Amino acid sequence: MNQHSQQPIIVWFRRDLRISDNAALYHATLRARPIIPLFIFDTDIINSLSSDGAAFNFQAECLQDLNEGLQRIGGRLFCRKGKALQVHAKLIQEASPSAIFYNRDYEPHARDRDRAVEQLYRSHGIEVQSFKDHVVHEPEEVLTLQNRPYSIFTPYMKAWKSLPVQSPFPTPAKITVAPVESCGILNAHDLHKQVTIPRPLCRGGETQAKKVWEQFIRTSLASYSSNRNIPSIKGTSRLSPYIRFGCIAVRTLYRDLLALKSIPIEAFLNELIWREFYQSVMYHFPDVLTASYKRAFDTLPWNTDTEFLHRWRSGHTGVPLVDAGMRELNQTGWLHNRVRMVVASFLTKQLFIHWKQGEEYFESKLLDIETASNNGGWQWAASTGVDPKPLRIFNPELQAQKFDPEGVYIKTYVPELQNVPLQHLFAPHRMSLDEQHRCGCIIGKTYPRPIVDHRLASEKFKKAYMQLLR
DNA sequence: TGACGTTTTGT
DNA sequence: CAAAACGTC
């Protein structure tokens, strides 16, 4: 081999912390050159992200598992800390790479960063290759007949399903690495991030992700469409933190789903498509990240008082299902999707607080936070986004009756209501004083009175919203 | 992945 | 007459 063929290829891992079905890693191994598997603790991202330390610990677990995976195929992971561009500039000097491979990210700030990095490498005459990996179909691939992006889900979903499917990429059997200095895997403590989430939903890593996915298929997928709405049972896949960090490829999920016979996959598949729909919305309409898609709604008389916001965040609104949800979020870094919709509807349409406030709080707490899905979900909940629907205002009391009929979920997270009889559990403030004393739940004392009246607040929001529609 | 009031249906 | 279906916001 001549000198040139020994020049390594950098595989830059970002949101694809796995060795199986990884487009960039797989394509790099086809070149039969040494590889530098690289992860950067990007100080620009770390400083701007409000994520709880638990998310950084989760990331560290993912990186640990990735390192072990790479070791099994003869390699290892190299980590650096710093501004991405500077880290790359230094690495170019140290390692004289022949190419850099990475998987594409569709967030505006990530695209800016990647453009700058690409320019840097090209200015040194180094090959740059990026790959589709974070989604099954990219924002540029799912377009109308006029080559326009979709802003309505159903036609998007139909177009998405009509596209040809890429098979998963095989896991490399063996790689050779070109060793460089590494700072080791940094967790929340190392990065000076405070951990406030006491019981994170799950541990990170490709190994865990595979187990969770296989168990979901085995035990829960068949009943997904009905059980996914019940927050007290594990009816959903709970894969979202793994998908966010790329511990498992959505390509693999899609292939596994299509291979299933006699299990209905539509409901679950649609959730994957919703995720890609919002990736597409963010990519084509990046302004949604700073303002409502329907701009007029930003002029509604939003409540800027912080007392309600604090009570919502901490789960002390006096509305049992809302409080249970916010406490699940605060304690585990995850929240059941049905309850996400309920707490989001409550913040925006009962407390009349702008969805940006809720989006920001979710970003700070959720292990599974993806900018596109979070933004899309919040704008959906606030009825300010794409995919127009009639104004929907959730009634937390009815939602609880329907989806937590035994009150199991509420009692798990709101121990103050432990002994409240079921017929009062969803509206404990309607108990008589006698009943309150009998079950040891004193409204205004051991559990708050609801901070808003659902009916009044709904009518106020509906009126303001409808006025803008004209 | 609405709520709610009204109409129709099934027993 | 309860439950399902429908229509409207």
Side-chain angles (χ1 to χ4, degrees), chain A residues 150-158 160 220-221 223-240 264-278 281 293-294 296-297 300 319 321-322 325 328-329 334-352 355 358-359 362 366 368 370 372-405 409 426-427 450 452-470:
Chain A
Y150 287 99
S151 60
I152 303 175
F153 176 74
T154 306
Y156 172 91
M157 178 260 286
K158 286 177 180 159
W160 190 99
S220 307
L221 182 57
S223 49
Y224 176 76
S225 65
S226 52
N227 284 353
R228 67 170 174 163
N229 283 315
I230 315 292
S232 63
I233 60 181
K234 291 189 174 180
T236 65
S237 74
R238 304 188 174 213
L239 270 182
S240 53
I265 61 165
E266 286 309 300
F268 184 77
L269 178 57
N270 273 351
E271 296 306 310
L272 294 181
I273 302 176
W274 269 106
R275 173 177 170 278
E276 301 201 359
F277 175 60
Y278 285 139
V281 170
Y293 177 77
K294 296 170 189 157
F297 293 119
L300 283 176
V319 180
L321 185 56
V322 172
E328 176 176 40
L329 174 63
W334 185 80
L335 178 54
H336 189 279
N337 190 55
R338 164 61 53 180
V339 190
R340 289 187 200 203
M341 295 189 285
V342 172
V343 302
S345 171
F346 185 80
L347 182 78
T348 55
K349 292 164 175 171
Q350 305 292 295
L351 303 185
F352 222 122
W355 59 265
E359 180 193 38
F362 273 22
L366 283 170
D368 64 23
E370 285 207 56
S373 304
N374 193 38
N375 180 271
W378 274 99
Q379 293 225 41
W380 181 87
S383 304
T384 65
V386 292
D387 204 35
K389 288 262 159 56
L391 178 63
R392 279 194 271 237
I393 301 176
F394 284 65
N395 180 334
E397 195 180 325
L398 291 180
Q399 289 284 312
Q401 273 168 18
K402 264 193 214 170
F403 301 118
D404 190 28
Y409 177 77
F426 308 127
V452 287
D453 177 84
H454 179 264
R455 192 174 206 102
L456 288 178
S458 298
E459 277 164 14
K460 184 183 162 200
F461 186 89
K462 200 184 284 185
K463 213 172 149 190
Y465 183 93
M466 289 307 177
Q467 211 151 36
L468 272 185
L469 277 190
R470 283 187 222 120

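Throughout, protein chains are lettered first and strands after them, A, B, ... in sequence-line order, and every chain is numbered starting at 1. Any value given below was found using the heavy atoms of this structure, including those in side chains, with hydrogens, waters and symmetry copies removed. All values derive from a computational prediction rather than experimental measurement.
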Open item on the list: Does Lys402(A) reach a base, just sugar-phosphate, or nothing at all? Heavy atoms under 4.0 Å.
Closed with: sugar-phosphate
Open item on the list: If I take atom CZ in residue Phe426(A) and atom C1' in nucleotide dA3(B), what distance separates them, rounded to the nearest angstrom?
Closed with: 18 Å
Task: Reference residue Asp368(A); test salt bridge (charged side-chain N to carboxylate O under 4.0 Å, His left out); the match among Arg340(A), Arg275(A), Arg238(A) - done: Arg340(A)
Task: Nucleotide of dG2(B), dA3(B), dT1(B) approaching Arg392(A) most closely (side-chain heavy atoms) - done: dG2(B)
Task: Trp334(A): ring-ring contact (aromatic ring centres under 6.0 Å, His included) partners, not counting sequence neighbours - done: none
TODO: Look at the side chain of Asn395(A) and decide which nucleotide, out of dA3(B), dT1(B), dC9(C), has an atom nearest to it.
DONE: dA3(B)
TODO: Write down the distance between NZ (Lys389(A)) and P (dC9(C)), rounded to a whole number of angstrom.
DONE: 18 Å
TODO: Using a heavy-atom cut-off of under 4.0 Å over every strand shown, decide if Ile393(A) touches base, sugar-phosphate, or nothing.
DONE: sugar-phosphate
TODO: Pick base, sugar-phosphate or nothing for Asn229(A), based on heavy-atom distances below 4.0 Å to the nucleic acid.
DONE: sugar-phosphate
Open item on the list: What is the separation between atom CD on Glu459(A) and atom P on dA3(B), rounded to the nearest whole Å?
Closed with: 15 Å
Task: Options dA3(B), dC9(C), dT1(B), nucleotide nearest the side-chain atoms of Leu398(A) - done: dA3(B)
Donor-acceptor contacts, no H, no angles, side chain residues 377-386 of chain A, under 3.5 Å, sequence neighbours left out:
residue: Trp378(A); atom: NE1; partner: Asn374(A); partner atom: OD1; Å: 3.4
residue: Gln379(A); atom: OE1; partner: Tyr293(A); partner atom: N; Å: 2.9
residue: Gln379(A); atom: OE1; partner: Thr384(A); partner atom: OG1; Å: 2.8
residue: Gln379(A); atom: NE2; partner: Val288(A); partner atom: O; Å: 3.1
residue: Gln379(A); atom: NE2; partner: Ala291(A); partner atom: O; Å: 3.3
residue: Ser383(A); atom: OG; partner: Lys349(A); partner atom: NZ; Å: 2.8
residue: Thr384(A); atom: OG1; partner: Trp355(A); partner atom: NE1; Å: 3.4

Task: side chain to side chain contact (heavy atoms under 4.5 Å, CB included) partner of Arg228(A), the single match among Glu271(A), Arg338(A), His336(A) - done: Glu271(A)
Task: Pro390(A), nearest nucleotide to its side chain (from dA3(B), dT1(B), dG2(B)) - done: dG2(B)
Task: Rounded distance in Å - CZ (Phe153(A)) to P (dT1(B)) - done: 13 Å
Task: Spacing of Arg338(A) atom CZ relative to dT1(B) atom C1', expressed in whole Å - done: 5 Å
Task: Side-chain touch Tyr409(A)/Leu321(A), heavy atoms, less than 4.5 angstrom - done: yes
Task: dA3(B) phosphate, OP1 or OP2, under 4.0 Å from Gln399(A) side-chain N/O - done: yes
Open item on the list: In whole Å, I'd like the distance from the NZ atom of Lys463(A) to the C1' atom of dT8(C).
Closed with: 19 Å
TODO: In whole angstrom, give the distance that lies between atom NZ of Lys462(A) and atom P of dG5(B).
DONE: 9 Å
TODO: Can you tell me the distance, in whole Å, between the CD atom of Gln350(A) and the C1' atom of dG2(B)?
DONE: 12 Å
Open item on the list: Just to be sure I understand the rule, does Trp380(A) reach a base, reach only the sugar-phosphate, or reach nothing, if contact means heavy atoms closer than 4.0 Å?
Closed with: sugar-phosphate
